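Quantities reported herein were computed from a predicted structural model and do not represent experimental measurements. Reminder, nothing fancy here: chain letters follow the sequence lines and each chain counts from 1.
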2 protein chains.
Amino acid sequence: MSVGIRHDDLRRRNRAMVISAVRRAGQPSRTEIAATTGLSHSTISAISSDLIQEGILTESKPSEAASLKRGRPQVGLGLNPEATAVMTVVLSLNFLSVAVIDYAGQVIAEEQRRLDTQTMPRDELIGECTAIVRRRFEDPDLDVRSVARIAMGIQGITDTHARAMLWSPITSLTDIPFADILEGEFGIPATMENDCNMMAVALQWRDPERYRDDFIAILLSHGIGMGLVLKGELFTGTHSSGGEFGHMIHRPGGALCRCGRRGCVEAYAGNYAIWRNARMMSEDAEPTDVGDADMRALAARARETDGPEREAYRKAGEALGFGLGSLFALIDPAPVAMVGVSAAAFDLIEPALREAIAQTAGGQHSKSISFDTEPNELPLIREGCAMRALGFVDQEIFAPGVQARAGAGKNVA
Amino acid sequence: MSVGIRHDDLRRRNRAMVISAVRRAGQPSRTEIAATTGLSHSTISAISSDLIQEGILTESKPSEAASLKRGRPQVGLGLNPEATAVMTVVLSLNFLSVAVIDYAGQVIAEEQRRLDTQTMPRDELIGECTAIVRRRFEDPDLDVRSVARIAMGIQGITDTHARAMLWSPITSLTDIPFADILEGEFGIPATMENDCNMMAVALQWRDPERYRDDFIAILLSHGIGMGLVLKGELFTGTHSSGGEFGHMIHRPGGALCRCGRRGCVEAYAGNYAIWRNARMMSEDAEPTDVGDADMRALAARARETDGPEREAYRKAGEALGFGLGSLFALIDPAPVAMVGVSAAAFDLIEPALREAIAQTAGGQHSKSISFDTEPNELPLIREGCAMRALGFVDQEIFAPGVQARAGAGKNVA
DNA sequence: AGTATTTTTTCGAGGCTCGAAAAAATAGAG
DNA sequence: CTCTATTTTTTCGAGCCTCGAAAAAATACT
């Protein structure tokens with residue numbers, strides 16, 4: 001059962017609250033923070049003075065438009081970029097990229113690299129990942145000790161504890177404990193995150209107005225994935241990660257899915273499925289990789305003439321619609337962001353999708369459901385990993401922070 | 001965003017923690033509470049002394065087996081039954097029942113009543129509900145002022161805020177704001193709860209070992225409903241309540257469902273659907289009410305001979321299996337309790353159900369998923385309502401408790 | 001009757017937040 | 001150019017709350 005609140009938890013939580021308020025708001029004044037957190041001015045003053053002394057926050061004098069007002073001008077508080085840094089590692093099909101991000105969220109170094117993930121043996125794949133990270137650590141321009149955490153993102157299934165990649169479409173390898181590997185190699189905490197979850201995290205930061213409490217990010221790419229945010233928090237299953245939205249059953253016994261089962265949503269809406277249908281191949285045809293350029297060409301053809309290509313997208317829309325409908329039968333409708341190559345063809349998908357949703361229990365609100373599209377998933381995944389890692393750092397800097405508040409026994413003027 | 005923790009919240013939360021520890025454990029000693037909550041002995045001592053003075057808890061001297069140990073015997077703490085009471089109102093098909101439950105959870109009065117819910121006009125239905133509650137209030141044996149809260153349970157859809165019945169299979173009436181009606185009539189807080197959710201709540205109390213953090217309660221009755229507990233908390237959608245599990249699409253364009261759509265799980269697994277298939281009626285045949293006795297007879301016949309009856313249960317199992325499979329694609333597998341008349345025929349349903357699950361993404365763990373059955377849903381719903389209401393009371397008694405802790409400035413010996 | 005053992009209470013110390021008041025920093029008025 | 005109004009931030013004392021240690025209480029064993 002949940003545990004009682006100790007006296008010292010109080011400060012810790014309120015410190016966290018202040019940090020998160022600053023991260024969200026950008027350059028809030030102490031007064032603003034007091035307003036959003038509901039804590040008193042005195043408390044905010046005390047906490048932020050601590051955080052500044054510890055080098056976590058910095059004061060940034062002029063907030064420009066402040067000069068319009070009468071009284072004492074507000075002092076903006078910002079995250080100190082030098083407080084610490086995090087590293088992101090994103091492994092996608094034939095592509096590996098790392099970035100170093102300072103505490104304020106700015107990219108300060110990056111490296112990208114092509115490699116053949118599909119044929120690479122286990123040791124080599126792991127070796128490439130650790131090597132690219134090591135190169136960042138050995139960068140003379142970078143203060144190595146300042147990197148506090150690594151977040152790695154990958155397409156596929158990860159375990160709930162964000163420790164290992166269990167399965168991924170980009171390689172035939174399974175069960176690689178990347179988090180443990182990176183931690184062992186570099187001695188700093190690491191997590192292994194699912195790509196769609198990171199897309200959702202990134203959307204929450206990009207547009208907090210729209211993507212706040214409940215929303216869905218769906219990856220329309222070779223495979224179909226989903227990141228789900230409920231009540232403002234990433235929702236992962238109880239055991240493994242990443243709602244396996246793409247493998248909900250659309251038609252029992254239906255088309256062959258990459259996962260080996262039949263009738264999954266993905267077997268109708270994944271790139272390979274759309275390709276298969278557009279080429280009028282059998283639904284049992286072995287899934288093949290289709291390049292992004294080919295998919296774009298396919299979409300163009302579907303827009304031009306009402307042939308099998310258009311029908312393929314219609315089928316994809318139908319499958320996605322029934323999947324979403326089933327989802328909306330369990331959780332209520334929420335805004336949806338479509339991400340990935342096929343999101344660029346969402347105009348072809350949407351009509352059938354909406355029609356399908358309207359036939360389901362979630363359909364009552366089908367009109368009110370709104371869709372966004374974002375054709376490029378990689379930047380989102382990187383951003384999500386960065387924010388994820390920074391979020392962890394926020395939570396960890398204040399935890400030992402209570403002890404770390406050495407010296408400064410009393411606030412000195 | 002979430003709000004900072006004030007200093008006085010601390011006591012309030014820890015009081016709540018103590019109360020909930022006592023409600024869960026039955027007769028825990030102060031030492032036990034300290035262990036489960038993680039708070040210090042001094043704190044528990046102070047809080048429980050407050051709670052006893054306020055009449056919320058009582059000391060109950062001998063804990064019997066305690067005499068085996070050496071030192072000072074433990075003093076059990078229990079909920080004071082007289083602290084307050086709650087009332088439950090359960091409205092089901094042609095049946096209305098109320099009960100008064102003391103703070104310790106014992107039923108101290110009840111009344112049940114048959115009525116024709118299906119044809120009853122709106123005013124009359126509401127009138128019957130308020131009248132039966134009023135009769136309890138007018139009971140001379142009962143201290144009226146002690147009833148602190150009403151929880152009403154109903155089959156069907158309720159709004160997220162637990163205020164109104166939006167739709168129910170037991171009546172053609174819709175959108176009855178029962179919570180507001182009861183509050184207006186009797187001046188005490190009331191909520192309108194969904195039956196399946198209450199079943200889940202009750203299971204959590206009946207068998208906390210098995211039904212702790214994540215589990216599912218499925219109602220197999222005329223309709224199909226679901227109550228879902230995730231991370232120890234009732235999971236309701238974001239807008240309306242009660243995952244509409246029964247109306248997930250099993251076969252697009254398939255059998256006619258009571259809801260008017262086609263292919264829902266319920267259109268294969270609801271009592272009327274099983275009946276329809278067993279009688280080899282059309283899948284488009286209008287849903288009809290089937291009595292419990294008829295359903296039991298049908299199950300008996302299905303067990304005897306391998307005819308259309310057995311096939312009907314097989315189809316029900318298949319639909320439920322695919323529904324559960326889709327569910328398990330989103331949240332990971334969890335124990336399932338089957339409740340309601342058809343749960344008594346679960347032996348007929350289970351084989352096809354497991355086979356279907358095995359074909360879905362959740363199927364990897366299909367072997368490990370375990371099912372319980374409970375043919376009688378009404379007692380569960382009543383129990384759930386009672387615990388729900390008491391839970392609210394627990395949360396409300398401590399909130400004003402901080403102010404209400406009048407007099408007793410210091411702990412007196 | 002005395003000792004060991006376990007539970008519960010008491011007591012002082014240390015922290016934290018709060019409200020009120022003071023201090024700081026600026027724009028506008030005369 | 002000085003004074004006043006206004007707004008933000010800090011300071012200070014008060015009031016709670018939790019904690020650890022020690023004391024008190026209550027029983028079983030010797």
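- As judged by a 4.0 angstrom heavy-atom cut-off over every strand, B/T31 is placed among residues touching the sugar-phosphate backbone only.
- For C/dG28, the OP1/OP2 oxygens have no side-chain nitrogen or oxygen of A/R70 closer than 4.0 Å.
- For A/S45, no side-chain nitrogen or oxygen approaches OP1 or OP2 of D/dT9 to under 4.0 Å.
- Residue A/S42 has its side chain nearest to D/dT11 when only D/dT11, C/dT17, C/dT8 are considered.
- If you take CZ of A/R12 and C1' of D/dC17, they are 16 Å apart, rounded to a whole angstrom.
- Of the candidate nucleotides D/dT18, C/dT17, D/dT9, D/dT9 has the atom nearest to the side chain of A/R30.
- You'll find that the side chain of A/R72 is closest to C/dA24, out of C/dA24, D/dC19, C/dC18.
- The side chain of B/R11 contributes an N or O atom lying less than 4.0 Å from OP1 or OP2 of D/dT18.
- Computed from coordinates, the A/I33 CD1 to D/dT10 P distance equals 11 Å when rounded to whole Å.
- Both A/G71 and A/G38 sit near DNA chain C, but only A/G38 has its closest nucleotide nearer the 5' end.
- Considering only the side chain of B/Q74, C/dT7 comes nearest among C/dT17, C/dT7, D/dT11.
- Judged purely by atom type and a 3.5 angstrom limit, A/R149 has no side-chain atom pairing as donor or acceptor with the backbone of A/T88.
- Taking 4.0 angstrom as the limit, A/T43 places a side-chain polar atom (N or O) nearer than this to OP1 or OP2 of C/dC18.
- Judged by closest nucleotide on DNA chain D, A/S48 is the one of B/L39 and A/S48 placed further toward the 5' end.
- For A/H7, the side-chain atoms get nearest to C/dG14 when compared with the rest of C/dG14, C/dT9, C/dT17.
- B/Q106 meets the side-chain hydrogen bond (donor to acceptor under 3.5 Å, both in side chains) test with no other residue; sequence neighbours excluded.
- Nucleotides of DNA chain D nearest to B/S40 and A/S29 differ in position, and the one nearer the 5' end is that of A/S29.
- A side-chain contact (heavy atoms from CB on, under 4.5 Å) with B/I44 is found for one member of B/L39, B/T31, B/L77 and no other, namely B/L39.
- Residues passing the ring pair (Phe, Tyr, Trp, His ring centres under 6.0 Å) test with B/Y103, sequence neighbours excluded: none.
- In this entry the distance linking CZ of A/R13 with C1' of C/dT17 reads 16 Å, nearest Å.
- Proximity of B/N14 to the phosphate of D/dT18: a side-chain N or O atom is located under 4.0 Å from OP1 or OP2.
- As rounded to whole Å, 12 Å separates atom C1' of C/dT7 from atom CD of B/E32.
- One can place CZ of B/R15 at 14 Å from P of D/dC16, the figure rounded to the nearest angstrom.
- As a whole-Å value, the separation of B/R6 CZ from D/dC17 C1' is 15 Å.
- Atoms NE2 (A/H41) and C1' (C/dA21) sit 14 Å apart, rounded to a whole Å.
- In this structure, A/R12 pairs ionically with A/D9, as a charged nitrogen and a carboxylate oxygen lie closer than 4.0 Å.
- Atom pair B/E59:CD and C/dT9:C1' shows a separation of 12 Å (rounding to whole Å applied).
- Note on B/D207 versus B/R212: no salt bridge recorded, every NZ/NE/NH1/NH2 to OD/OE distance being 4.0 Å or above.
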